[in-house]
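The chains referred to below are lettered A, B, ... by the order of the sequence lines, with proteins before strands, and numbering in each begins at 1. What you are looking at is a predicted structure, and each value in this text was computed from that prediction instead of being measured.
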There are 2 protein chains.
Amino acid sequence: MSNPNSATIEDVARLAEVSIATVSRAIHSPEKVAKSTRQKVNQAIAITGYTTNALARNLRLGRSNMILVIAPDIGDPNFSSILVGLENEARARGYGILIGHTQNDAQLGLEYLKFINSNQAAGLILFTGVLPYGHQDMVANLPPSVGVFEPVFNGGIPYVGVDDVAGARKAVDLLLSQGHRRIAFIGDARNRLASRRRRQGYSEGMDAAGVPESQRIILDGDGTVESGRLALEQLFMRDTLPTAMMCVNDLTAVGVITGLSARGYSVPADFSVTGFDDVPQAGFLSPPLTTIRQPRSAIGKKAMTLLFDLLANTEGAETEILLVPDLVVRESVGPPRPQ
Amino acid sequence: MSNPNSATIEDVARLAEVSIATVSRAIHSPEKVAKSTRQKVNQAIAITGYTTNALARNLRLGRSNMILVIAPDIGDPNFSSILVGLENEARARGYGILIGHTQNDAQLGLEYLKFINSNQAAGLILFTGVLPYGHQDMVANLPPSVGVFEPVFNGGIPYVGVDDVAGARKAVDLLLSQGHRRIAFIGDARNRLASRRRRQGYSEGMDAAGVPESQRIILDGDGTVESGRLALEQLFMRDTLPTAMMCVNDLTAVGVITGLSARGYSVPADFSVTGFDDVPQAGFLSPPLTTIRQPRSAIGKKAMTLLFDLLANTEGAETEILLVPDLVVRESVGPPRPQ
DNA sequence: ATTGGCGATGTAAAGGTTTACATTTGGGGA
DNA sequence: TCCCCAAATGTAAACCTTTACATCGCCAAT
């Protein structure tokens, strides 16, 4: 027993000279017990230092006051900011957060799902786009769940993410407004959905500005710093260079900027660069990166709220909630160098 | 019930035509049941998809399979890397991690301690140097606990941290080896213990190198970027400038570097600067910061291991474990400019 | 003076385990 | 053949709650 001398409801009942049922009622539905008894009970609680045993309570009630959060990498700063939003919302409702770190390992994912099958979690927040395969029975009777960032591939689970199209549109519109026309988009083949949507925002912006297809350049990397550098090399093998690079994410932008400095170019004097995500180091790059900020804490909050909606009534769940991210203007964008 | 159609031990027993006691034994002490029955039971488990209800089990056993982790800021990247270490170690032992985010609010801290009093956590990891005041009874019967980073002020609780003296010594020795003699130390008045220890490392290094007291400069900030800038201003009001600034942490170093660039100086050509912590952006500063890396994941791992030692046998707990951090050489240190 | 009804309280079952203790079974030694 | 013992299994209590149902007392209405 973690708390060997902790009082039980029976101790309280004895001290207050009532039955345990009355004590339970005095705590959870005080309107059902007479004022005088309520006082006696409260006094007894104060004296004994009683706290109700959540294990017993949850067992009896057939539920749990925990939400399981499964993420591939809990060390990722993106993750931790979202965690804050999740946590606040859960605590406000008396729930605790249980975290699982899958390291992209399906076996570990399964291991964590056991917390669910053992009735230790009432709901599930998934940061990973795929539910662990293999134990279909486990997956079959999942509690209310919501995905974060990406829709869950094989779950038919509602999710909360960011409006990539709108975000990308803000970036491309900024570049266009500075006078850029020849803008390259560097995507991420590994993060298909987000990359496709951001590219769509790019295309819509270019369409709206009437930039002909011939002036558009679209490349694909894999979302890493290195792939940004590689994409830049590809660009420099072309006849005509773009005047701005719109990157699918900040890491790619770091690679591009590094590559440009290595070639002796200056950002934004020679080329403008934008990112997406607003990673912690974005403001410390030289130049500080103009990017799209993920509304991380808001996403967490929204996801948890949605989960509790689901917990309350299974029906009527929205299936996709997209939050519009903000543009963060720093110093990596300027007007194109006059030809 | 989160999992409405989940099988109970009784279902398994019925199917295997044994008593529930036998099922329980087949699972948790298989050597006590005949091979043939064991097989029948396993088969029944496979068919029903039974998983033991952890709530009921823990209730009966009077313990929990959760560790509560309380931190002032779970969004802090420092925190999340430690979390990884904690998590790995806990999962390996079949424990889950419950996180609490106090936001430096004692009331919230107390709220989380309730998870303990309600028997939902078997152990406690504290990232905060102070236990919530007020409910002495709660604090009185705390489960096995360990602090991380700082000793817990009012708990007499063992802790795992970093050897600040040794770390600071590595930084000052690097500066000395480059030829610096006039080295300023900028401390943090708000983080007393760490600051004092790092300063001690500084002093020991200077002593060992035979640098007279007269050439040492010691200032105090409050650990923020802004305070680094302020400290720099103070330095520039002096008659003689140092050739290197050793900062109590990376944020202070950022302030110092920013201030130096603003004054038109170059790092490390004009002045060398070191930090401490190795925050995520340290490698992206210009110049990339030479600093001392906190062994975050190792700290988490060690803390959790220590906690399980405590859980196993209350006696013989080490009271302070300090891990020696590594020097990360980047580009903010060079030889002093010849006079 | 009865009776009906209602508010307050008590009794006991149920939730799913684990395990001390009791019982059964089977085999080996006499 | 009988008895004893050990191994295997079963029975039931306990862990701590919550809550349906039963009971009790009391007041108001008849």
TODO: Return the value, rounded to whole Å, for the distance between atom CG of B/N65 and atom C1' of C/dT17.
DONE: 14 Å
Open item on the list: Quick check: closest heavy atoms across A/I67 and A/I125, and the distance to 0.1 Å?
Closed with: CG2-CG1, 3.9 Å
Task: Gap between atoms CZ and C1', on B/R57 and D/dC15 respectively (whole Å) - done: 14 Å
Open item on the list: Generate the contact string for nucleotides 4-13 of chain C. Rules: B means base contact, S means sugar-phosphate contact only, - means no protein heavy atom under 4.0 Å.
Closed with: ----SBBB-B
Open item on the list: Using side-chain heavy atoms (C-beta onward) and a distance below 4.5 Å, is B/L59 in contact with A/N53?
Closed with: yes
Task: For atom CG of B/N53 and atom C1' of C/dA14, their distance in whole Å - done: 13 Å
Task: B/D11 CG - C/dG16 P separation (whole Å) - done: 9 Å
Task: Nucleotide nearest B/Y50 (side chain, heavy atoms from C-beta), chosen from C/dT17, D/dT17, C/dT18 - done: C/dT17
- [ ] Flag yes if more than 12 heavy atoms outside B/R93 fall under 6.0 Å of its CZ atom; otherwise flag no.
- [x] yes
- [ ] Check whether any side-chain nitrogen or oxygen of B/T8 sits under 4.0 Å from OP1 or OP2 of C/dG16, and answer yes or no.
- [x] no
Task: Relative orientation of the end axes in the helix from C/dA1-D/dT30 to C/dA30-D/dT1, expressed as an angle to the nearest 10° (five pairs per end) - done: 60°
TODO: Consider only side-chain N and O atoms of A/Q103 and B/N88, and report whether a donor and an acceptor are under 3.5 Å apart.
DONE: yes
TODO: Could you state the atom-to-atom distance from CD1 of B/I27 to P of C/dT19 in whole Å?
DONE: 12 Å
TODO: Could you tell me whether B/Y159 and B/F149 have their ring centroids closer than 6.0 angstrom?
DONE: no
- [ ] Can you tell me the distance, in whole Å, between the CG atom of A/L55 and the P atom of D/dT17?
- [x] 10 Å
TODO: Would you check if B/F127 and B/V152 make a side-chain contact, meaning some heavy-atom pair closer than 4.5 Å?
DONE: no
- [ ] Could you check how far CG of B/N58 sits from C1' of C/dG15, rounded to whole Å?
- [x] 15 Å
Open item on the list: Can a donor-acceptor pair be found, under 3.5 Å and without considering hydrogens, that links the side chain of A/S118 to the backbone of A/K114?
Closed with: yes
- [ ] Search all heavy atoms of A/A122 against all heavy atoms of A/Y95 and return the closest pair with its distance.
- [x] CB-CE2, 4.2 Å
- [ ] For A/L59 and D/dT18, give me the distance from atom CG to atom P, rounded to whole Å.
- [x] 11 Å
Open item on the list: Would the distance check show the side chain of B/S145 and the main-chain N or O of B/P143 forming a donor-acceptor pair, the cut-off being under 3.5 Å?
Closed with: yes
